[in-house]
Protein chains: 2
Amino acid sequence: MTRHDDRPVIALVPGDCTGIGPEQTARILAEGRMDDEARFVVVGDRRVLERGMRFSGVDLDLAQVDSPAAARFDGGAVPIVDLGNIDPETLPLGRPDDTSGRLTGDTLARAIEFARAGEVEAVTFAPLNKQALYRGGWEFPDEHKMFAHLLGHTGPFSEMNVLDDLWMTRVTSHVALREAIDQVTFESVCRALRLADRTMRGAGIERPRIAVAALNPHNGEGGLFGREEIDIIRPAVEAMAAEGIACEGPFPSDTVYLKAFAGEYDSVLAMYHDQGQIATKLKGFNKGVTVTAGLETVFTTPAHGTAYDIVGKGIADVGAFERAIALAARLARRRRRDRDAA
Amino acid sequence: MTRHDDRPVIALVPGDCTGIGPEQTARILAEGRMDDEARFVVVGDRRVLERGMRFSGVDLDLAQVDSPAAARFDGGAVPIVDLGNIDPETLPLGRPDDTSGRLTGDTLARAIEFARAGEVEAVTFAPLNKQALYRGGWEFPDEHKMFAHLLGHTGPFSEMNVLDDLWMTRVTSHVALREAIDQVTFESVCRALRLADRTMRGAGIERPRIAVAALNPHNGEGGLFGREEIDIIRPAVEAMAAEGIACEGPFPSDTVYLKAFAGEYDSVLAMYHDQGQIATKLKGFNKGVTVTAGLETVFTTPAHGTAYDIVGKGIADVGAFERAIALAARLARRRRRDRDAA
């Protein structure tokens with residue numbers, strides 16, 4: 001590492017090896033477009049990455065290291081902490097597998113240990129399969145909750161979906177809709193607004209403009225179709241606006257995304273999963289990045305999935321994964337600056 | 001009326017006169033593009049339509065008639081049942097008004113009387129303002145419920161949103177989200193599927209392919225995020241498929257619209273208002289048509305609103321309104337054929 005190399009160190013995790021992650025990881029490292037943004041250490045099984053190289057038709061020199069702290073980032077061989085835990089030839093390709101899910105979770109857990117030890121500043125991981133992770137024994141509704149658990153994190157955190165300059169988030173997530181409604185409270189809306197604001201500032205957005213979606217149709221139609229807008233959401237928005245957050249709403253959820261996509265806001269806070277996901281998937285957010293906001297470690301991943309239909313063909317697009325890396329680097333750099341200033 | 005003129009007779013209602021409806025109505029009648037599709041009788045106030053003519057810069061000969069039955073459709077003057085109930089100069093322009101809402105409702109009610117009497121085969125109305133209608137004293141959550149009430153209709157009915165060849169509908173509508181969840185039952189899902197199927201067949205679609213959306217995120221994730229998919233929706237879909245309806249699902253609601261927009265389905269059945277409306281508004285369904293499905297009278301209206309920002313300028317697009325007329329004519333024609341066959 002040269003004296004002036006201030007690129008953040010990112011643990012690159014190849015994701016579930018039944019999917020396109022390993023070939024994407026190999027291609028990104030070989031093509032080197034992200035090398036100005038960050039220094040990379042692969043955390044995973046060497047055989048998985050090597051098969052990804054074959055699939056992608058790329059060649060990489062790998063330098064085995066015991067931990068990221070021992071890595072040299074001199075532009076030569078790519079450092080890898082070879083966990084030796086996954087023999088990809090024993091697992092299926094192109095379909096989910098519980099064992100692979102378990103091992104993907106194990107690998108992420110090791111990357112998180114390195115983050116806790118301060119050896120890496122962010123974790124960017126290739127696509128995983130949530131169901132395989134769960135069935136493999138990592139019984140969390142999603143990976144974000146798993147990360148929070150592994151970090152012993154007790155404060156607020158949330159998934160955010162990022163495409164270009166738009167940051168989407170939500171108050172509730174992977175729970176039944178009925179339960180989501182119960183979880184929409186003054187406190188949870190305030191918490192989500194603070195978290196979104198802080199995360200976006202952490203990405204360098206000076207004064208994030210956040211639009212808040214209503215829970216009920218027609219924004220509750222003045223109380224006719226539900227009172228959550230009157231009793232909960234508006235008071236929370238007003239309280240957070242008084243704290244200096246540039247939030248507005250609630251707005252009817254069937255038009256708020258149109259406003260945001262037209263550039264009127266940087267972010268929309270949804271009340272529940274599908275409210276946000278219907279809009280973002282139609283808008284092509286699968287080309288974007290998923291961020292775990294609020295944890296002490298920066299986590300990013302491409303929003304798309306394991307793309308089982310094209311696994312092994314070396315044709316998987318790496319754009320979203322590269323954007324995930326760029327965003328992790330941006331967040332980590334800013335976080336380091338804030339820490340240094342403190 | 002010539003002997004062989006089998007064009008359906010449509011009551012054209014100029015909508016709320018605070019909005020763009022009257023100028024759209026005048027323009028459509030003057031430009032005559034829809035004259036092959038249907039015969040028109042305007043039901044409303046002559047002064048409202050005449051102001052619409054001025055706004056649009058078009059000239060129309062009007063022939064006052066006592067009721068649609070007395071109208072002559074000889075290509076000469078446009079027949080109008082002048083209700084004499086609205087002096088537009090006493091009402092605001094370009095903003096909602098309770099009195100105007102009440103009078104808009106009164107006018108629609110008269111058009112419905114003519115439909116009940118068999119004097120018109122469909123009602124196509126220009127945009128109204130739901131809140132003004134409600135505040136004006138027509139205290140229904142939406143105009144569809146008002147129409148059903150005025151028709152003494154007790155069976156199932158529903159709003160459908162139509163754009164090009166896509167027909168969107170939902171199990172629940174203008175109620176609080178919490179209440180919507182309670183209203184998702186085996187019976188209500190079956191009812192909605194039957195209604196959608198019948199309505200689309202009534203528009204000439206031989207075997208409508210209907211995709212059913214899940215209620216909970218990730219399609220309930222196998223029961224982890226709610227059991228409605230397992231206990232209610234899937235059994236209902238299977239029961240209706242056994243009856244011969246080409247329905248499938250439930251599917252995660254954040255991808256089902258992508259499938260439908262890609263042409264895999266003719267229709268999506270949403271479980272609640274915003275689920276469908278977020279998707280359809282992003283897809284540009286405001287250029288489409290809203291149909292009240294299931295009533296004895298055919299009702300269609302352009303999906304867009306009163307467009308208060310451009311009222312009086314004569315620049316309002318009439319495409320969606322014309323599509324509403326074309327669809328009303330198609331539905332009415334088919335209905336007449338079915339009745340004649342019975």
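The figures here come from the full heavy-atom set of this structure, side chains too, leaving out hydrogens, waters and symmetry mates. Lettering follows sequence order; numbering is per chain, from 1.
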Engineer: For A/Leu224, which atoms come within 4.5 Å of any heavy atom of chain B: side chain, backbone, both, or neither?
Structural biologist: side chain
Engineer: May I ask you to check whether over 12 heavy atoms, not counting those of B/Asp165, lie within 6.0 Å of atom CG?
Structural biologist: no
Engineer: Please tell me if the side chains of B/Glu228 and A/Arg178 come closer than 4.5 Å, counting only heavy atoms from C-beta onward.
Structural biologist: yes
Engineer: Under a 4.5 Å cutoff for heavy-atom pairs, which residue among B/His174, B/Gln277, B/His218 has the most contacts with chain A?
Structural biologist: B/His174
Engineer: Just by distance, no angles: are the side chains of A/Gln131 and B/Glu221 close enough, under 3.5 Å, to form a donor-acceptor pair?
Structural biologist: yes
Engineer: A/Asp254 side chain to B/Asp274 main-chain N or O, any donor-acceptor pair under 3.5 Å?
Structural biologist: no
Engineer: Is A/Ser173 in contact with chain B via its backbone, its side chain, both, or neither, using a 4.5 Å heavy-atom distance?
Structural biologist: backbone
Engineer: Could you name the residues of residues 179-186 of chain B that have a heavy atom within less than 4.5 Å of a heavy atom in chain A?
Structural biologist: B/Ile181, B/Asp182
Engineer: Got a second to check how far A/His273's NE2 is from B/Ser253's OG, nearest 0.5 Å?
Structural biologist: 8.5 Å
Engineer: Is there a side-chain contact between B/Phe225 and A/Pro141 (heavy atoms, below 4.5 Å)?
Structural biologist: yes
Engineer: Looking at A/Ile278, A/Thr280, A/Asn216, which makes the most heavy-atom pairs under 4.5 Å with chain B?
Structural biologist: A/Ile278
Engineer: Write down the atom of A/Thr255, the atom of B/Lys281, and the distance for their closest heavy-atom approach.
Structural biologist: CG2-CD, 4.0 Å
Engineer: Is there side-chain contact between B/Lys283 and A/Leu282, with at least one heavy-atom pair below 4.5 Å?
Structural biologist: no
